[in-house]
Amino acid sequence: MSEFSSDLLRLLSERGHLHQVTDAGALDALATKKVVTGYVGFDPTAPSLHIGNLASIMLLKRLQDAGHRPIVIMGGGTAKVGDPSGKDETRQLMTDERLASNIAGIKGSFERILRFDDSASGALLINNDDWLSELGYVDMLRDVGPHFTINRMLTFDSVKLRLDREQPLSFLEFNYMIMQAYDFLVLARDYDCQLQLGGSDQWGNIVNGIELNRRIDAREVYGFTAPLITRADGAKMGKSVDGAIWLNEAQLPAYDFWQYWRNTDDRDVGKFLRLFTDLPLDEIARLEALEGAEINDAKVVLANEVTKMVRGDDAAQSAAETAAQTFAGGGAGGDLPTLSVGPEGMRIGLALTEIGFTASNGEAKRKISEGAVKIDGETITEIGHLVEVSEGSEAKISLGKKKHGILTH
């Protein structure tokens, strides 16, 4: 039986999202009495979010699923400063045009996962640049600055990490925590927002916002953080050997997105099903108990469910069919990357790099010498091998067990 009375904290806890919460008893009681408005901030530093951000999006989804109101804050204003949390280097500043373009690219991910409507629990998407860029700097310093001490700011991990490593921390970035705290103040005043959610690395920033609300408006607001999601091998969630696992199709094809989840470590299947799907907990318990080759069935379910939520039903179905044809039937599905080698053919190393399987010809040569490269199931060991495909036909190129593509004339 759950220790919480509210559907909100019970859902977050049972699904594995709970790391820290301020005054859990008061928040739990509040969530049983009224619709709680909560927010998560996302800085639009790229044209797509990645699966490291998906954990935070799921916090908003759980909030809405429990009958409460999520606010997505696009950090168009804070991104002009840059969050130093977890960063060793100063982030490059972006133009207004670049930020606007990134926000446009990111919005679709939220629109797939959250419900935006006029109901009491309908999601809102707001850009904090709407108020931050309108602030008079001196006015803000006078109103908000007295509530922050340099002594305290120096104790935060995001600051200490940089200083301990003797990396520069610009005065601009130093202001980030003040600006994020001010966001919470504005949202509490204008939207009756009483809850900020985020990853565990945001705890200090969230506490700042709670204290600012209390000191300026004597308002009680709350903070909730989710644990940092790591894989069983200790790697941080959101990255693969080939880079970020992007949520948008333009940055990462649906098949590659699906395949990332299909390749989940056996030990992570249950955890990821709880965190990133809506499957009932008893069904998840059944799936994670599967052993041997049967655990692969659970991984397919995980890949299908997450891809369906992030990319849509059609993308999930297409990716699953491609995988089935590629692995089970020995064929090649329509979602696999394709490369034309032309009438003259192409050296195997160049083909590996051009299709995106290797980052350089040097890496391609290593993979070939390791015996990891196959054409139509036949291992290629000659570095200078010329791949030729007759007109109207195709060949399947594979790197290891997980990367497959189609070569055409």
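Predicted model only: the values in this text are computed from it and were never measured. Only this structure's heavy atoms are used, side chains among them; waters, hydrogens and symmetry mates stay out.
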field: salt bridge (charged side-chain N to carboxylate O under 4.0 Å, His left out) between K299 and D265, intermediate numbers included
entry: CA-CA 9 Å; K299 295 180 185 181; D265 188 296; over 6 Å; no
query: For the side chain of S369 and the backbone of R366, is there at least one donor-acceptor N/O pair under 3.5 Å apart?
result: yes
query: Picking from L275, L273, L59, I284, what satisfies side-chain contact (heavy atoms from CB on, under 4.5 Å) with R15?
result: I284
query: Take atom CG in D314; do more than 12 heavy atoms of anything else shown fall under 6.0 Å from it?
result: no
statement: Correct closest heavy-atom pair for C193 and F184 would be O-CE2, 3.8 Å
query: What do you reckon, are the aromatic ring centroids of Y191 and Y39 less than 6.0 Å apart?
result: no
message: Less than 4.5 Å apart, side chain to side chain, heavy atoms only: is that true for W203 and T22?
response: yes
field: Trace of the side chain to side chain contact (heavy atoms under 4.5 Å, CB included) decision for H409 with V341
entry: CA-CA 6 Å; H409 183 67; V341 298; over 6 Å; no
- request: Please check if any side-chain donor atom of S121 sits under 3.5 Å from a side-chain acceptor atom of R115, or the reverse.
  value: yes
- prompt: Going by distance alone, is a donor N or O of one side chain under 3.5 Å from an acceptor N or O of the other, for N248 and S109?
  reply: yes
query: Sub-3.5 Å donor-acceptor pair from the side chain of D28 to the main-chain atoms of S5, do we have one?
result: yes
Pair D313, Q317: side-chain N/O donor-acceptor within cut-off below 3.5 Å: no
Q202 side chain to Q180 side chain, donor-acceptor N/O pair below 3.5 angstrom: yes
message: Taking CD in E370 as the centre, count heavy atoms belonging to other residues, nucleotides or ligands within less than 6.0 Å. Is the count above 12?
response: yes
message: Using only atom types and a distance under 3.5 Å, with no angle test, would you say the side chain of N127 pairs donor to acceptor with the backbone of G76?
response: yes
query: Is the closest side-chain donor-acceptor distance between T353 and T358 under 3.5 Å?
result: yes
- request: Kindly write out the residues that satisfy side chain to side chain donor-acceptor pair (under 3.5 Å) with T225, not counting sequence neighbours, or none if the list is empty.
  value: none
query: Is a donor on one side and an acceptor on the other found under 3.5 Å between the side chain of S13 and the backbone of R10?
result: no
query: Which residues pass the salt bridge (Lys or Arg N to Asp or Glu O under 4.0 Å) test with R274, sequence neighbours left out?
result: E288
query: Step by step, would you call L212 with R219 a side chain to side chain contact (heavy atoms under 4.5 Å, CB included)?
result: CA-CA 9 Å; L212 190 64; R219 187 191 306 267; over 6 Å; no
message: Side chains of L287 and V269, heavy atoms from C-beta outward: is any pair under 4.5 Å?
response: no
query: Would you say the side-chain atoms of T45 and D43 include a donor-acceptor pair closer than 3.5 Å?
result: no
message: Check this for me, if you would: do R286 and E283 make a salt bridge, where the nitrogen-to-carboxylate-oxygen distance has to be below 4.0 angstrom?
response: yes
query: Are the side chains of R262 and V300 in touch, meaning some heavy atoms are under 4.5 Å apart?
result: yes
task: Please collect all ring pair (Phe, Tyr, Trp, His ring centres under 6.0 Å) contacts where either partner lies in residues 7-26, sequence neighbours excluded, each pair once.
output: none
- request: Step by step, work out the side chain to side chain contact (heavy atoms under 4.5 Å, CB included) result for L9 and L18.
  value: CA-CA 8 Å; L9 288 185; L18 174 59; 5.7 Å; no
Closest non-hydrogen atom pair, A232 against D268: N-OD2, 2.8 Å
message: For a quick check under 3.5 Å, do D183 and W131 share a side-chain donor-acceptor pair by atom type?
response: yes
message: Within the structure provided, determine whether I229 and F272 are in side-chain contact (heavy-atom separation under 4.5 Å).
response: yes
Stepwise side chain to side chain contact (heavy atoms under 4.5 Å, CB included) check, I206 with Y222: CA-CA 8 Å; I206 291 173; Y222 306 92; over 6 Å; no
